[in-house]
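Heads up: the structure comes next, in structure tokens.
Below, each value reflects all heavy atoms present in this structure, side chains not excepted, and no hydrogens, waters or symmetry copies.
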Amino acid sequence: MFSRRAVATLSRSNRLIATRFYTEGATGATRSDGSNDSFTKREKAQEDFYVKKHQAEQIAALKEQLAKQKAQLDELESKVNSK
């Protein structure tokens, strides 16, 4: 427990001030040895899920626009061919 944080107290005019020092990577940051903690992995998974969902929405919108354009093109071709 003490290896993860050190508590330093300073006394100034009868006041105690506690300062907490966290070890590297204790707050979800990537550690210097390259390993990741569970918070970092979960955050990356959530970001990847959001990106994939957003891309799927964009693709669906583009497919809808493409279908409308094809319908409009077919309509124009039928007008040209009927004349």
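Ion pairing of K52 with D48 is absent here, as no side-chain N (NZ or NE/NH1/NH2) approaches a carboxylate O to less than 4.0 Å.
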Side-chain donor-acceptor contacts of residues 70-79 below 3.5 Å, not counting sequence neighbours, with atom names and distances?
residue : atom : partner : partner atom : Å
S78     : OG   : D74     : O            : 3.4
S78     : OG   : E75     : O            : 2.7

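With sequence neighbours excluded, the residues forming a side chain to side chain contact (heavy atoms under 4.5 Å, CB included) with E57 are K53, H54, listed by chain and number. Applying the side-chain hydrogen bond (donor to acceptor under 3.5 Å, both in side chains) test to Q69 and every residue at least two apart in sequence or in another chain returns nothing.
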